[in-house]
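Below: the structure, in structure tokens.
Only heavy atoms go into these numbers, but all of them, side chains included; no hydrogens, no water, no symmetry mates. Quantities reported herein were computed from a predicted structural model and do not represent experimental measurements. We name chains A, B, ... by the order of the sequence lines, and we start the count at 1 in each one.
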Number of protein chains: 2
Amino acid sequence: MLVGAWTCLDRFYDGVMVQMKPWVEIAEELRREIGRGVYGPGERLPSGTDLMSRFGVARQTVQNAMDQLRAEGLVSSVAGRGWFVAERKPIVRLARNRLSKAERTEGRGTFLSDAAAGKWQPAVTVEVRREQAREDVRSYLGLAADQDHEVVVRDRVMRADGEVVQLAVSYLPAEIAGGTRLEEADTGPGGAYARLEELGFELTHFTEVVSARSPRPREAELLRLPLGFPVLQVIRVAFAGDRAVEVNYMTMGGERYQLVYQIDAG
Amino acid sequence: MLVGAWTCLDRFYDGVMVQMKPWVEIAEELRREIGRGVYGPGERLPSGTDLMSRFGVARQTVQNAMDQLRAEGLVSSVAGRGWFVAERKPIVRLARNRLSKAERTEGRGTFLSDAAAGKWQPAVTVEVRREQAREDVRSYLGLAADQDHEVVVRDRVMRADGEVVQLAVSYLPAEIAGGTRLEEADTGPGGAYARLEELGFELTHFTEVVSARSPRPREAELLRLPLGFPVLQVIRVAFAGDRAVEVNYMTMGGERYQLVYQIDAG
DNA sequence: GAGTGGTCTAGACCACCCA
DNA sequence: GGGTGGTCTAGACCACTCC
């Protein structure tokens, strides 16, 4: 950072003069320029070398600024080519009123009905195993804490047009799902929920718990998330009356997805 | 990184030998040790200098590893003291079935009823202004795109026990809110929704759009979020019949909050 | 082969904390 | 004052892309 530039770039904040970090300043400046249309969508930004000399900083400092802009979704990068103003990404809207019986009996799982709503090619790889229920799983399923409980685990990687878009791990009490079609990779038409109803568990309602977090490195790699991109986590519990029959941990790229819920005033 | 350690630490992944980045390895190792209980909650981790010599890497590499663990919420840091295994943070569960008429007529806004459910002291600072509606605001409010629309903007910073926990900016058509109590800082008992109903807009339902993203630097500062912590964004639209009467952009720290939705099977 | 983004190193400085 | 986390610099190397 040029010494002269420092004083210019500092800010009054709540009446106090604050020295901004250099990379924050650089990110702000570039954000402004992108907003002003100096660089249009898809266009290449100045190279690292250019920005180093323009702002008078080291390579790593420029990198930090770009990491921030990328985390904000404003910029994407291709190693060996450059930084680019992000194209408006197609946003996938998942309406949460699609857990209807109609869909289930129509022969679709929830992911597949999302795919039908959009126009992308769905693909799912499934791995089924058994485990002792973790503490949080026990708690969501309402299983007693004082004894061990076996659960059927369905670990799924979901792809849209070949690209991994969602990870989902669901847990069903072995007492319910053991030895049934729910323990096979392909649960058949209508998906797991249809099978549960055939087993006599008529689904009455669902609870979804939504939070945001940073991805574990493995998740970031699978979901091809650039560094710093958050994920949305949805934990859905399916109830048959008072009984919780399934808990499903879903993870998806945060900014590409929007979950839409409708709430009645009553 | 010790040269010898490299080969040991590499991984088979989908049958292919992959060289892991050093900082990812270090983060994984420390994550394992925390999980195994080598360092208990609240305990201090080895210092930067210790970790540098233990793993044979530079200071910045250790820093990157700790940044990741902190983004995951496993570790917190105090400059001048050290890195600490994060205490189990109290998680705030926001049930989304609290938009009931009962709450409104009982004299509480939504934030205040959340506070009553928990046991924290709420405080809100409000700034009211007028603006031309942005494109996205127009779209949410269902206002025609071909002409200008003025909106009343209520910009709020919400604190729980003095700590900033949520930012909320809501937009109401000036046509509805202009000159009413909705344009004052204090909207009075029951909050904005109660005033809207008094104005003859009986609220029928709400739509919430949930997504996760990286905070802008200003948000990170206000919410005291460490670098890399994602935020949850909820955009709520209030409807009176077919007419959208308010859109509210809410931002909150991602991992501390869980939004709970209930969905009926129908 | 030249240029690019990405990462690691080594060394420096700062603000902060604690004895 | 010595240790700590956090940041910036300068220089190096790698894998990649494009010519």
Side-chain angles (χ1 to χ4, degrees), chain A residues 1-3 5-6 9-10 16-27 30 43-71 75-86 217 220-221 224-229, chain B residues 1-3 5-6 9-10 16-27 30 43-71 75-86 217 220-221 224-229:
Chain A
M1 179 71 51
L2 296 169
V3 181
W6 261 103
L9 290 169
D10 292 348
V16 194
M17 191 62 128
V18 179
Q19 259 201 3
M20 301 295 276
K21 290 171 201 164
W23 70 260
V24 173
E25 292 290 348
I26 295 170
L30 291 173
E43 228 172 289
R44 225 198 79 178
L45 292 167
S47 76
T49 329
D50 291 346
L51 293 172
M52 284 166 65
S53 66
R54 169 174 167 196
F55 291 102
V57 295
R59 175 169 197 66
Q60 189 65 49
T61 309
V62 171
Q63 192 77 32
N64 289 344
M66 301 314 272
D67 284 347
Q68 169 66 24
L69 293 180
R70 196 175 29 193
V75 161
S76 67
S77 67
V78 185
R81 298 225 297 130
W83 287 302
F84 301 85
V85 178
E221 201 177 326
R224 302 235 180 290
L225 289 176
L227 203 112
F229 257 71
Chain B
M1 180 71 53
L2 296 170
V3 180
W6 262 104
L9 291 170
D10 292 349
V16 194
M17 191 61 129
V18 178
Q19 257 200 6
M20 302 296 276
K21 289 170 202 163
W23 71 260
V24 173
E25 293 290 347
I26 295 170
L30 291 173
E43 226 172 290
R44 226 199 77 177
L45 292 168
S47 77
T49 329
D50 291 345
L51 294 172
M52 285 167 65
S53 65
R54 168 172 167 198
F55 291 102
V57 295
R59 175 168 197 68
Q60 189 65 49
T61 308
V62 171
Q63 191 77 32
N64 289 343
M66 301 314 272
D67 285 346
Q68 169 67 25
L69 293 179
R70 194 174 31 189
V75 161
S76 68
S77 66
V78 185
R81 298 226 298 133
W83 287 301
F84 300 86
V85 178
E221 200 176 327
R224 302 236 182 285
L225 289 176
L227 203 112
F229 257 69

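- Whole-Å rounding puts the Met52(A) CE to dG11(D) C1' distance at 10 Å.
- With sequence neighbours excluded, the residues that form a side-chain contact (heavy atoms from CB on, under 4.5 Å) with Arg59(B) are Met52(B).
- Taking atom CZ of Phe55(A) as the reference point, atom C1' of dT9(D) lies 17 Å away to the nearest angstrom.
- Per the geometry, CG belonging to Leu45(A) stands 13 Å off C1' belonging to dT4(C), to the nearest Å.
- One atom, CD of Glu25(A), and another, P of dC8(D), lie 11 Å apart when rounded to the nearest Å.
- Judged as a side-chain contact (heavy atoms from CB on, under 4.5 Å), and not counting sequence neighbours, the contacts of Val24(B) are Pro217(A), Met20(B), Lys21(B), Glu28(B).
- Where the helix from dG1(C)-dC18(D) to dC18(C)-dG1(D) starts and where it ends, the local axes point in directions that differ by 0°; five pairs per end, rounded to 10°.
- Residues satisfying the side-chain contact (heavy atoms from CB on, under 4.5 Å) criterion with Ser47(A), sequence neighbours excluded, are Arg44(A), Thr49(A), Asp50(A).
- Between Ser47(B) and dG3(D) there is no side-chain polar atom (N or O) within less than 4.0 angstrom of OP1 or OP2.
- The side-chain heavy atoms of Leu30(B) and Val75(B), taken from C-beta on, include no pair separated by under 4.5 Å.
- Proximity note for Arg59(A) (side chain, C-beta onward) versus dG5(D), dG5(C), dT4(C): the nearest is dG5(C).
- Side chain of Asn64(B), nearest nucleotide from dT9(D), dG6(C), dC8(C): dC8(C).
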Nucleotides 14-19 of chain C: protein proximity per nucleotide (B base, S sugar-phosphate only, - neither; heavy atom, under 4.0 Å):
--BSS-
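- Between the CE atom of Met66(B) and the CG atom of Leu45(B) there is a distance of 4.5 Å, given to the nearest 0.5 Å.
- Whole-Å rounding puts the Asp67(A) CG to dG6(D) P distance at 17 Å.
- The side chain of Thr49(B) contributes an N or O atom lying less than 4.0 Å from OP1 or OP2 of dT4(D).
- In this structure, Gln68(A) places its CD atom 13 Å from P of dC8(D), rounding to the nearest Å.
- The side chain of Arg44(B) has dT4(D) as its nearest neighbour among dT4(D), dT9(D), dT9(C).
- As rounded to whole Å, 15 Å separates atom C1' of dT17(D) from atom CH2 of Trp83(A).
- Across Ala27(A) and Ala65(A), no two heavy atoms sit closer than the pair N-CB, 3.9 Å.
- No side-chain heavy atom of Val62(A) sits less than 4.5 Å from a side-chain heavy atom of Phe55(A).
- The distance between atom CH2 of Trp23(B) and atom P of dG6(C), rounded to the nearest whole Å, is 13 Å.
- Side chains of Thr61(A) and Ile26(A) form a contact here, defined as non-hydrogen atoms less than 4.5 Å apart.
- Comparing dT7(D), dT4(C), dA10(C) by their closest approach to the side chain of Lys21(A) singles out dT7(D).
- When each of dT9(C), dG6(D), dG6(C) is scored by its nearest atom to the side-chain atoms of Ser77(A), the top-ranked nucleotide is dG6(C).
- Among the nucleotides dG6(C), dG6(D), dT9(D), the one closest to the side chain of Gln63(B) is dG6(D).
- The Arg70(A) side chain lies nearest to dG6(C) when the options are dG6(C), dT9(C), dG5(D).
- Which of dC8(C), dG6(C), dT7(D) sits closest to the side chain of Gln60(B) comes down to dT7(D).
- Ser77(A) meets the side-chain hydrogen bond (donor to acceptor under 3.5 Å, both in side chains) test with Arg70(A); sequence neighbours excluded.
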